[in-house]
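Comments concern the structure below.
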Amino acid sequence: CRCCTGSRRHSSILYSILRSEERVAPAAGQGPRRGQASRGCPCGSRRRVALRSPQVACKAASAVLVKTLRFVQNVPCFQELPLEEQLLLVRSCWAPLLVLGLAQDRVHFETVESAEPSMLQRILTTRRQGERPPPRAPAPSRPHHGPGGGLHPPSAGEIQAIKGFLAKCWSLDISTKDTKEYAYLKGTVLFNPDLPGLQCTRYIEGLQREAQQALNEHVRLIHRGDEARFAKLNVVLSLLRSINANVIAELFFRPIIGAVNMDDMLLEMLCAKL
């Protein structure tokens, strides 16, 4: 493929990412609310929760997913990759990119405790009906897959990790008017050379390095008085590692689509003209 030979149509991701970001106008959102970690009994973080207003939050998340994939499609360097490589990258990073999009569009959501029956209640109920108790669902082996194996709503601790990330982005006031910082962050997340199965590893590694360099140069130019900002943005990127793709799919897409296979949906959306 052309990408492995090093001959690229556009030599700098600076052009590629900015070009794609200009085509995706950010939606106006609500004002920020600071997320606070739950205190008290640690059992509270294991409580199962669900969206308070799933119609509103799921619609907003779906719109962000469409915009995110449109952004990815409009990056020329990404388009030069083979389709298999594109799918591998998108499947691994769609959830972090979505959460970045939620932060960029200032999307807020509230959760309520889910009335999930206990295991004892499930056993007693099924035995009364003359059925065998349902087996425990195995833990998903690949966190970037959809919620096909997930039978439980997200926990309060998992939701708090998402809200903590959003609060961190909003506290840094990442480019509310200038979208370049978000664009470079997305480029760093998208071009992950450490994924097993990639063939164009060196090419993708170069793209990620260029995105990081462009972010650093932009920060030094725009935020000259904040020498620690680039380090703070790297902390933001590190927080994305705690975001579980199954939790994102279960929270924002299962309520409106059901037990959707995210791999299939991503493939369909990636091949479509959004």
Side-chain angles (χ1 to χ4, degrees), residues 26-27 29-40 42-69 71 90-114 116 139-140 142-147 150 152-174 176 181-182 185-186 188-190 192 232-257 260 262 265-266:
Q30 302 175 353
R33 297 178 185 175
R34 298 292 178 88
Q36 297 179 349
S38 58
R39 296 186 177 92
C43 299
S45 65
R46 295 193 292 268
R47 291 183 292 106
R48 300 295 172 178
V49 297
L51 291 170
R52 182 184 297 273
S53 303
Q55 297 85 356
V56 176
C58 293
K59 182 179 180 180
S62 298
V64 171
L65 180 61
V66 172
K67 292 169 61 177
T68 298
L69 292 180
F71 166 84
V90 170
R91 285 170 176 170
S92 70
C93 71
W94 73 267
L97 288 179
L98 176 67
V99 178
L100 271 173
L102 295 177
Q104 184 175 9
D105 286 0
R106 305 248 171 185
V107 175
H108 297 269
F109 62 92
E110 300 296 332
T111 57
V112 293
E113 187 169 356
S114 176
E116 183 186 19
R142 299 175 63 186
H144 62 270
H145 273 191
H152 301 290
S155 68
E158 291 168 332
I159 301 305
Q160 196 57 48
I162 300 172
K163 289 195 170 186
F165 173 83
L166 296 177
K168 182 66 175 178
C169 290
W170 296 333
S171 69
L172 290 175
D173 195 23
I174 301 179
T176 53
E181 274 185 331
Y182 274 113
L185 288 171
K186 291 175 184 178
T188 302
V189 173
L190 173 62
N192 180 9
K232 294 175 183 177
L233 293 176
N234 282 325
V235 171
V236 167
L237 289 175
S238 68
L239 293 176
L240 282 175
R241 298 170 187 164
S242 64
I243 304 300
N244 190 310
N246 286 339
V247 173
I248 300 298
E250 190 77 18
L251 181 68
F252 291 115
F253 299 102
R254 187 181 182 92
I256 56 175
I257 304 178
V260 63
M262 291 302 299
M265 188 171 77
L266 290 170

Does Leu102 form a side-chain contact (heavy atoms from CB on, under 4.5 Å) with Phe252? I'd like the steps, not just the answer. CA-CA 12 Å; Leu102 295 177; Phe252 291 115; 4.0 Å; yes
Starting from the C-alpha separation in whole Å, work towards a yes-or-no answer on side-chain contact (heavy atoms from CB on, under 4.5 Å) for His108 and Trp170. CA-CA 11 Å; His108 297 269; Trp170 296 333; 3.2 Å; yes
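Interatomic distance, Ser92 OG to Leu266 CG, rounded to the nearest 0.5 Å: 10.5 Å. Rounding to the nearest 0.5 Å places CZ of Arg47 at 9.5 Å from OG of Ser155. If you take CD1 on Ile248 and CG on Leu97, they are separated by 11.5 Å, rounding to the nearest 0.5 Å. The CD atom of Gln104 sits 8.5 Å away from the CZ atom of Phe71 when rounded to the nearest 0.5 Å. Interatomic distance, CG of Leu185 versus CD1 of Ile174, reported as 6.0 Å (0.5 Å rounding).
A search for side-chain contact (heavy atoms from CB on, under 4.5 Å) contacts involving Lys232 returns Leu172, Asp226, Ala228, not counting sequence neighbours. For Leu239, the side-chain contact (heavy atoms from CB on, under 4.5 Å) partners are Phe165, Lys168, not counting sequence neighbours. For Phe253, there are no ring pair (Phe, Tyr, Trp, His ring centres under 6.0 Å) partners, not counting sequence neighbours. Pro154 meets the side-chain contact (heavy atoms from CB on, under 4.5 Å) test with Glu158, Ile159, Val247, Glu250, Leu251; sequence neighbours excluded. For Thr111, there are no side chain to side chain donor-acceptor pair (under 3.5 Å) partners two or more places apart in sequence or in a different chain.
Here the shortest heavy-atom pairing between Leu240 and Pro96 reads CD2-O, 3.9 Å. Scanning all heavy atoms of the two residues, the minimum distance from Tyr182 to Cys169 falls at OH-CB, 3.9 Å. Considering all non-hydrogen atoms of both residues, Pro153 and Val49 come closest at CB-O, 3.3 Å.
Between Cys93 and Asn192, every side-chain heavy-atom pair lies at or beyond the 4.5 Å cut-off. At a threshold of 4.5 Å between non-hydrogen side-chain atoms, the residues Trp94 and Leu69 do not count as touching.
With hydrogens and angles disregarded, no donor-acceptor distance shorter than 3.5 Å links the side chain of Arg48 to the backbone of Ser114. The closest donor-acceptor contact from the side chain of Asn244 to the backbone of Asn246 lies under 3.5 Å. Using a distance-only test at 3.5 Å, with no hydrogens or angles considered, a donor-acceptor pair links the side chain of Lys163 to the main chain of Phe109.
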